[in-house]
Protein chains: 2
Amino acid sequence: MKLDSEHLEILAMIVDKGGLTEGAEALGKSQPSVSRTMALLEDRIGAALFEPGKRPLRPTELGESLARIGARIHALNAEASALVQSYRKGHTGRLRIAGTPIFMDGVVSTLIADFQMRHPEVQIAQSYGYFDQLAASLRNGTLDVAILPLHPSMVPADMRFVPLLAGRNVIACRAGHPLMRRGAVTLADIEPYPWIAPPPDSPLYRDLQRALKSIGKEDFKVSFSGGTLASINSVLARSDALTVLPYSVVFLSRKSAGLEALGIKIEHPDRQLGFLTHEAATPPPALRRFADFLTDEFNLLEARIQHESQVTRRRG
Amino acid sequence: MKLDSEHLEILAMIVDKGGLTEGAEALGKSQPSVSRTMALLEDRIGAALFEPGKRPLRPTELGESLARIGARIHALNAEASALVQSYRKGHTGRLRIAGTPIFMDGVVSTLIADFQMRHPEVQIAQSYGYFDQLAASLRNGTLDVAILPLHPSMVPADMRFVPLLAGRNVIACRAGHPLMRRGAVTLADIEPYPWIAPPPDSPLYRDLQRALKSIGKEDFKVSFSGGTLASINSVLARSDALTVLPYSVVFLSRKSAGLEALGIKIEHPDRQLGFLTHEAATPPPALRRFADFLTDEFNLLEARIQHESQVTRRRG
DNA sequence: CAGCTTCATAACCTCAGGATATATAACCAT
DNA sequence: ATGGTTATATATCCTGAGGTTATGAAGCTG
């Protein structure tokens, strides 16, 4: 025999309120409705839930026991409703975020930490990938949002791309690097130093090639390649090697990693960092919160970078 | 927003079984039924419960969370069903039992203890009373069963009386009483001893009067009156006083209280100990169990008393 | 015991949710 | 790839739970 949980909840409310009429009112139902419902329940279980012939309806022993269970069911049901509400508002849920490694490690991961301070109930699953893989994951629904540098013309038709930051690249080195002592740096200046290269399949590797070509340097010596940002930072900090990194990454890890950007202009990649989502997929509500958060934080970051460059320019 | 607990239970089953079809089967419903139910639930909460475009249906994060709650609701619901089953079989419930004090204390209370060993989930509320009050309580539904000595002609029309034991009364005294030394006891023998009387409003008091009158004793000295069985036993054991008690009570408290019955025949009351119930009331199922138990135990008791008297007679 | 309050019943209507039949979409193996 | 297999969704119909209002019956109380 299967009881209707709703019936048990109604019973609990009646017992709690001390009467059928008050219980019905508290439930937002009519009195006859709950009366009939209780009659039906009594029929089903084949026993009285209320003492017969008592006018402020008083539960029997069995009625009281079932009411206790009904109250617990009600609490669970309310918990479920609250969970749904929280989810719909974006305060709860799981967010699957992926992006290109350097940006994820250098910029996004710190922002994710901030985001989780505000929304501890949002579980974030982060992974890495480049454009093709990211787009595929978005399409097959295993990813909610991708964060990567992209040229507007490269955005697939079935996706939406929201730019967050201009993709300015710089040549980075350790803070105490010999090149940092001079004001302007020429091609000849950087000639003797070895290079750290991002993984060969990454866009940054091609950026590095193009950047060096743009300042007239066709071939270069690679002393280290293939590492993640943490490795790159380590090697960079303990050697006189150079590399090409997004300025935002250098900006954010200056203090912690002891990095600086050389004052030499290199070609800007015609891409912007932004996030990519699949139009067809219904995004988890938490994504909206995260996207808003990212937009705000990147605006702030951009403002800080602007401010910094003005101060530096004024000083220099 | 109020979710349907049933929906959550179905969701839990689908997630548990790993697919909609299997879940439907486990629930004893058709596959389209649960499919539509889940579609309805998704509509209501405005979010996906299952990853879209996955064929062995896989729950989303939200779906899994709600399924967990659904499973807990299901457990509570099952608990309620089990409670009802247990109640209907008489293994659970509350039993309000009342009766005349001497019998309740001397016979029934020990049986209640035995009964509760077998049915620990049956809560027993015991109280005391005489006929009028017991009948009134049965009629107004504050009592489930009364245990008292009654003459068949005195059973009210709206009630049912089941006799359990013949109402043989005896003169009781302490085990080492001077009268116990002689074989047959005469009226003259008991002349010098004081009497313990039950409460004056009790049937036993009238029994006492009639019993003594039946052996030719019109007036008697009362040294103690009005106590419960515990008091009577105490006084009886520490004095040479006599009293009239049901033989069953003496039989059961011989060892513990050190009582004996005199070998003098007194008038039998024309009543039988039995239990009285209200015909109109729907009895709690546990009452049936208790009534059956009482019947069995009293049969056993009667057999033990029979056996005893035969042994005594053979010996004496 | 009259009047108030509380609960039960009646009559009506809507819609959740049961079933079967069938379409459609993933999955899998060749 | 592609066709067969399996899993899920949709269509349609039908029953009954449960919502309503109106009204009757039964406890409770002064």
Side-chain angles (χ1 to χ4, degrees), chain A residues 1-45 48-60 63 67 70 77 136 139-142 280-282, chain B residues 1-45 48-60 63 67 70 77 136 139-142 280-282:
Chain A
M1 176 197 39
K2 176 95 168 66
L3 304 175
D4 188 331
S5 296
E6 175 83 9
H7 292 183
L8 296 177
E9 288 186 55
I10 292 174
L11 172 62
M13 185 60 86
I14 293 173
V15 170
D16 181 53
K17 296 295 176 188
L20 189 144
T21 307
E22 286 177 315
E25 197 172 350
L27 289 164
K29 299 178 192 290
S30 69
Q31 172 267 315
S33 177
V34 310
S35 172
R36 192 179 32 173
T37 299
M38 287 300 96
L40 185 69
L41 181 57
E42 283 187 328
D43 269 14
R44 294 229 180 116
I45 70 179
L49 292 170
F50 298 96
E51 306 284 357
K54 288 278 149 43
R55 213 35 21 159
L57 225 50
R58 249 189 16 218
T60 62
N77 194 300
R139 284 202 183 87
N140 73 17
T142 58
T282 56
Chain B
M1 177 197 40
K2 176 96 168 66
L3 304 176
D4 189 331
S5 296
E6 176 83 9
H7 292 184
L8 296 178
E9 289 185 55
I10 293 174
L11 172 62
M13 185 59 87
I14 294 173
V15 170
D16 181 52
K17 296 296 176 188
L20 189 144
T21 306
E22 287 177 315
E25 198 172 351
L27 288 165
K29 298 177 192 292
S30 68
Q31 171 267 316
S33 177
V34 310
S35 172
R36 192 180 33 174
T37 299
M38 287 300 97
L40 185 69
L41 181 55
E42 283 187 326
D43 268 15
R44 294 231 179 113
I45 70 180
L49 292 171
F50 297 96
E51 305 284 357
K54 287 279 148 44
R55 208 48 0 171
L57 226 49
R58 249 185 21 214
T60 61
N77 195 299
R139 284 201 183 87
N140 74 17
T142 58
T282 56

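Naming: A, B, ... by sequence-line order, numbering from 1 per chain. Bear in mind that the values here come from a model prediction, so they are computed numbers and not experimental data.
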Supply the atom-to-atom distance B/Ser5 OG to A/Asn77 CG, rounded to the nearest 0.5 angstrom.
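Nearest 0.5 Å value for the OG-CG distance: 4.0 Å.
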Nearest 0.5 Å please: distance from the CG atom of A/Leu57 over to the CG atom of A/Leu20.
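So the gap between those two atoms works out to 6.0 Å.
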For residues 4-27 of chain B, pull every pair meeting salt bridge (charged side-chain N to carboxylate O under 4.0 Å, His left out), keeping only residues two or more places apart or in separate chains.
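Found A/Lys2-B/Glu6, A/Lys2-B/Glu9, B/Glu6-B/Lys29.
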Between [X] and [Y], which heavy-atom pair has the shortest distance, and what is it?
X	Y	result
A/His7	A/Met38	O-CE, 3.4 Å
B/Phe50	B/Glu42	N-OE2, 3.3 Å
B/Gly63	B/Leu11	O-CD2, 3.5 Å
B/Gly23	B/Met13	O-CG, 3.8 Å
A/Ala12	A/Ala67	CB-O, 3.3 Å

Using modelled atom types only, decide if a donor and an acceptor are shared between the side chain of B/Thr60 and the backbone of B/Leu49 within a distance under 3.5 Å.
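Yes, the answer is positive, given that a donor and an acceptor are paired below the 3.5 Å cut-off.
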What nitrogen or oxygen pairs link the protein and nucleotides 10-15 of chain C at under 3.5 Å?
none

Let me test you: for the helix from C/dC1-D/dG30 to C/dT30-D/dA1, what is the angle between the axes at its two ends (five pairs each), rounded to 10 degrees?
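What I find for the helix from C/dC1-D/dG30 to C/dT30-D/dA1 is an axis angle of 50°.
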Rounded distance in Å - CD (A/Gln31) to C1' (C/dT5)
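Taking atom C1' of C/dT5 as the reference, CD of A/Gln31 is at 11 Å.
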Let's see if you get this right: which residues in residues 2-28 of chain A place a heavy atom under 4.0 Å from DNA chain D?
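Nucleic-acid contacts, sorted: A/Asp4, A/His7.
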Between protein and nucleic acid, restricted to nucleotides 25-29 of chain C and to nitrogen or oxygen atoms under 3.5 Å apart, what atom pairs and distances do you find?
from, atom 1, to, atom 2, distance (Å)
C/dC27, OP1, B/Arg55, N, 3.4

Pairwise 5' ranking along DNA chain D for B/Met38 and A/Val34, keeping only the more 5' one
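On the 5' side of the pair lies B/Met38.
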Start and end of chain B contact along DNA chain D [non-hydrogen atoms, under 4.0 Å]
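That gives a stretch of D/dA7 to D/dT12.
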